[in-house]
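First the structure, in the form of C-alpha cells, and then the observations on it.
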Amino acid sequence: MTRAAQVAALSAGAVGAIGPTAPAGPIAEEDWTAALSAVRDLPADPDILLVCHVNPDGDALGSMLGCGLGLVRAGLPVRATFPAPFELTPPFDQLPGSELLVDPATAPAAPDLLVCFDAASAARLGELADRLDTAGTSIVVDHHASNTRFGTIHLVDPRAAATSVVVEELLRRLGVPLDQQIAECLYVALSTDTGSFKFDLTTPAVHELAARLLATGLRPAEISRRLFDSRPFGAMKLYGDVLARATFEADAAAGRGLVWSFATLADLERHGQPRHVLEGLIDAVRVAEEADVACVLKQAGAEEWTVSLRSKGGVDVAAVAVGLGGGGHRLAAGFTADGTLDEVMSVIRGALDQP
Ligand code: 5GP
Ligand code: MN
C-alpha cells in the first residue's frame, strides 16, 4: 500500500474497523471431507501445485514441504513453489523436500489441484494468485484469523499455533505416516510460529504434536540452533548497530509504549550481509519490557520498508497491519510501506493511537 493510501485508510478509520473474516473454531468435518476427496479423486498423472506466501518463513515452507513430502509418500507427483524472489535462504536452505521446489515461472499454469499454505489472502501468493482461477480445485491451508477464504476448500483454523498443525492432521486423515523428513519440516514450522514453544497458542496439543515429531528421531538442538541461535558475525554486529539506535516512546500506542528501530540497505552493505539476516531483528527489539508494542522497519528500497510489528498483549497489531495493507496475527503482524523513515513512522504512530 502506498503511503498516501495508508494515510487515507487511517483517516477513514479503516485501521480498527477491519476485523477477522474466518469463522472462529475448528475446521468443519465437511471441509475435511471435501479436502480428502479432492486429493483422492485426482485424475491419473495429475498436476499438483503447492504454493506458500511470498518471503516464506519457517511455517510457510515447512508446512508446504512437509505436506509435499507426505503427498509424494502417498504416490502423488508434487511440485512446490513460492512467489518471486524465488530464493531459499538460510536457515531454510537445508529443509527436506526442497527437491520438490520449482521456479514460479515454470510452475504448471492450470494444475488439477492447488494447495496454498500459510497465506491469509490471495495477494500473499503474488504472481501465483492467478492459479486460483485456473486450478481444478484449490485448498487453502492456514491459521490466520484474517484469512479471506479465497479458495474452493478451506482448512483454516485460527486457533492452530501454526499452519503445520493443520498439515499434520491432513496427512493423518490421508493415512500418511510421519517419517523423519516430513517431521523435520513440520517441526521447523511449529517451532517458528510458536517462537520456540513460547507463545500463547503453545497448548498441550502443540507439545503432543512436537512429541510425535521428535519421536521420528529429529535432533531438536540442531534445528533450534539453526533457526534461532545462529547468525554470521557481521549480522551480530549489525544487530548491535540497530539495537544501539532503538527508540522508546512511552506515550505511543495510546500510552502502552512503543520500542522501535530500523535497518537500512547501507547497514547491510557496511556489514556485508544479505537481507534475510534481518528476519530475527524484531525478536531482539521486542524484549524491551517498558513497551507493549515493538516495531522494526527494514529498508527494501530507496523509499520502501517492510515493517514487523509485535505486541505483548495490549494491542491488536494484525488490525493495524491489515489497515495499512498487510496482515498477520493479533500479536505478530507486518506490512510494506512507501515513504521516508519519518513518514512511515508517523503513519505507524497514528495507527497505533487509534482505539
Ligand atoms: P514478520 O514480522 O515476522 O515478517 O511477520 C509477522 C506476521 O505477519 C506473519 O504471520 C506474516 O505472515 C505476517 N505478515 C508480515 N508481512 C505481511 C504483509 O505484508 N502482508 C500480510 N498479509 N501479512 C504479513
Ligand atoms: Mn504461520
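Counting convention: from 1, in listed order, for ligands and their atoms alike. Computed from heavy atoms alone, side chains included, the values below leave out hydrogens, waters and symmetry copies. Worth saying up front: this structure is predicted, and the values here are computed from it rather than measured.
Residue-and-atom listing of protein N/O/S atoms under 2.8 Å from the Mn ion (ligand 2), sorted by chain and number: D59 OD2, D118 OD1, H143 NE2, D193 OD2.
In this structure a side-chain-to-backbone donor-acceptor pair under 3.5 Å is present from R245 to F262. Side-chain atoms of T264 come within 3.5 Å of backbone atoms of D267 as a donor-acceptor pair (strictly under, hydrogens ignored).
Annotation: ligand 1 has protein neighbours R124, H144, S308, R310, G326, G327, G328, H329, A332, A333, G334, F335, each with a heavy atom less than 4.0 angstrom from the ligand.
Inter-residue side-chain proximity for D157 and H143 is flagged as unmet; no heavy-atom pair is nearer than 4.5 Å.
Checked against side chain to side chain contact (heavy atoms under 4.5 Å, CB included), R231 has the following partners two or more places apart in sequence or in another chain: A235, Y239. Applying the ring pair (Phe, Tyr, Trp, His ring centres under 6.0 Å) rule to Y187 yields the partners F197; only residues at least two apart in sequence or on another chain are considered.
Results of the side-chain contact (heavy atoms from CB on, under 4.5 Å) test with L49 over V78, V115, L114 single out L114 as the only residue that passes.
Open room surrounds CG on D200; 12 or fewer heavy atoms of other groups in view lie less than 6.0 Å from it.
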**OP:** Report the C-alpha distance between E87 and R275 in whole Å, list the side-chain angles of each, state the deciding distance to 0.1 Å, and finish with yes or no for side-chain contact (heavy atoms from CB on, under 4.5 Å).
**Re:** CA-CA 12 Å; E87 285 162 36; R275 201 178 151 65; over 6 Å; no
Subject >> D59 and S63: CA distance, side-chain angles, deciding distance, side-chain hydrogen bond (donor to acceptor under 3.5 Å, both in side chains) verdict >> reply: CA-CA 6 Å; D59 191 27; S63 296; 3.0 Å; yes
